[in-house]
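The structure appears right after this line, and notes come after that.
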Amino acid sequence: MTSEAQPSTSVPSGEPLVSLKHVNKHFGDLHVLQDINLEVARGEVVVVIGPSGSGKSTLCRAINRLETIDDGEIRVDGKALPAEGKALAKLRADVGMVFQSFNLFAHKSILENVTLGPVKVKGMKSGEAKDLALSLLKRVGVDNQAQKLPAQLSGGQQQRVAIARALAMQPKVMLFDEPTSALDPEMINEVLDAMVSLAKEGMTMIVVTHEMGFARKAADRVIFMADGQIVEQATPEEFFTNPQSDRAKDFLGKILAH
Amino acid sequence: MENYLTLFETYDVPAAFWANIQLTFWAAIWATLLGTLLALFRISPIASLQFVGAAYVNIFRNTPLTIIIAFGVLGLFGQLQVSLTDDFNLNFFRLAILGLSLYHAAFVCEAIRSGVNTVPLGQAEAARAIGLSFLPAARLIILPQAFRGAIAPLGNVLIALIKNSTVAAAGSVAIEASSLMKTMIEFRGDLVIPIFLTFALGFVIIVIPVGLLTTWASRKLAVAR
């Protein structure tokens, strides 16, 4: 099983923050996750790449149970994912998520988008939450848009707000599900810059993306998925210069040709 | 013409319309509360609640309102002695409000559900992702957007409710418009057509602004995406 073969250079030490063991999922007849085993260490930045339909988004969404799994086990910070209810909500509060389509709350201002979680989920005082939100919005460079509605912002700005919204929950790990795929080319870098600086600050991140530049710059480990399996994993340097599997060589040949 | 004007000396037409407006007002409030609860049931992740919501809607939406209102008076009050107040006439009035509310709640539920369908799935996912469980996510994220997407269909339910308030006549509410029209036609055979037009026009005048207002509001309050 190729998914068991972790390169020695990037094996995380100590208790993994996120661990998936023998995870399987089907969409009807499609076996979209096939016996996935993955451990992500505290502070590690893992980039998941692969052709579309390979199961990488499903993998990402399974980690905070936006997708249920058929069998196997997913643990976050040592705790198995609860099935439903309050316990699951509590765990999700510790796992930040950034979506391809931003999904900012359309009827709330930028500031309210960021303060909502801390106030309603964590019970933070609204003044305190506002200070936190403004400092996070400043960090991603959209603090001057705080009173606007999401639809009034560009895609790149909306996605940076989405990052701030997730960070406001002070998550243990951040999941990014193709965060730049819905953006115009000139807006991709502003989002990637925010992500790179987050990685540099030591945030544990699992990033599904097609941005090879980001993988090279910020990833500790690249995971290559195809047809529901983890085919290969290596450091970015190793993976991009010396891919082992034919599937990965073929994929890189197609995307790096231009 | 003078003949026509004598009608308004003998009969208090505005008071009759006022009764319909009161029936509509209270029934709209109760139907909105119950309809929202039913919509919550129908979108909840709990199968038994979904079933209760669906069963309610299918029963009440497909039962004639006249049957419900008549049952309120003859069944609930007449035979089962259910009384909502000691005042005899007010009791009929309240039973009519009950019937109107139960019936229109089913339509409110479906209007809100159509509003929920205007809210992209990503909104619910984002709400869950920051740690909101079903009820807070529904209250803070989904329903506020759903209501704004449901203003036009909710307006249609309100318009139907205004007109259906005349069915209260079947529930022994003698003070409302259609009951008064019946009395007037009975006693003033010389003015049958003008009497009918008076009541028809009265409802048109009440209903048209509601339609205009909801159309305006649904544009004004639409969620920008």
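Just so it is clear: chains get the letters A, B, ... in the order the sequence lines come, proteins before strands, and each one is counted from 1.
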Give me a line-by-line list of donor-acceptor atom pairs from chain A to chain B that are under 3.5 Å apart, or tell me none exist.
from	atom 1	to	atom 2	distance (Å)
A:Arg61	NH1	B:Glu125	OE1	3.0
A:Arg61	NH1	B:Glu125	OE2	3.3
A:Arg61	NH2	B:Glu125	OE2	2.6
A:Asn103	ND2	B:Gly122	O	3.3
A:Leu104	O	B:Gln123	NE2	2.7
A:Ala106	N	B:Gln123	OE1	3.3
A:His107	ND1	B:Gln145	NE2	3.1
A:His107	NE2	B:Leu140	O	2.9

Contacts under 3.5 angstrom, residues 133-142 of chain A side chains, donor-acceptor by atom type, not counting sequence neighbours:
from	atom 1	to	atom 2	distance (Å)
A:Ser135	OG	A:Leu132	O	2.9
A:Arg139	NH2	A:Glu201	OE1	2.6

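Note: A:Leu116 CG to B:Ile141 CD1 = 5.0 Å, rounded to the nearest 0.5 Å.
Between chain B and the residues A:Ala89, A:Ala93, A:Ala151, the most heavy-atom pairs under 4.5 angstrom are made by A:Ala89. Chosen from B:Ala137, B:Pro120, B:Ala127, B:Pro136, the residue pairing most often with chain A at heavy-atom distances under 4.5 Å is B:Ala127.
In this structure, chain A has no heavy atom under 4.5 Å from any part of B:Ala124. In this structure, the portion of A:Leu104 lying under 4.5 Å from any heavy atom of chain B is its backbone and not its side chain. Contact annotation for A:Ala106: both backbone and side-chain heavy atoms come within less than 4.5 Å of a heavy atom of chain B.
The environment of CZ in B:Phe51 is sparse: at most 12 heavy-atom neighbours from other residues, nucleotides or ligands sit within 6.0 Å.
Between A:Phe105 and the options B:Ile142, B:Leu140, B:Ile130, a side-chain contact (heavy atoms from CB on, under 4.5 Å) holds for only B:Ile130.
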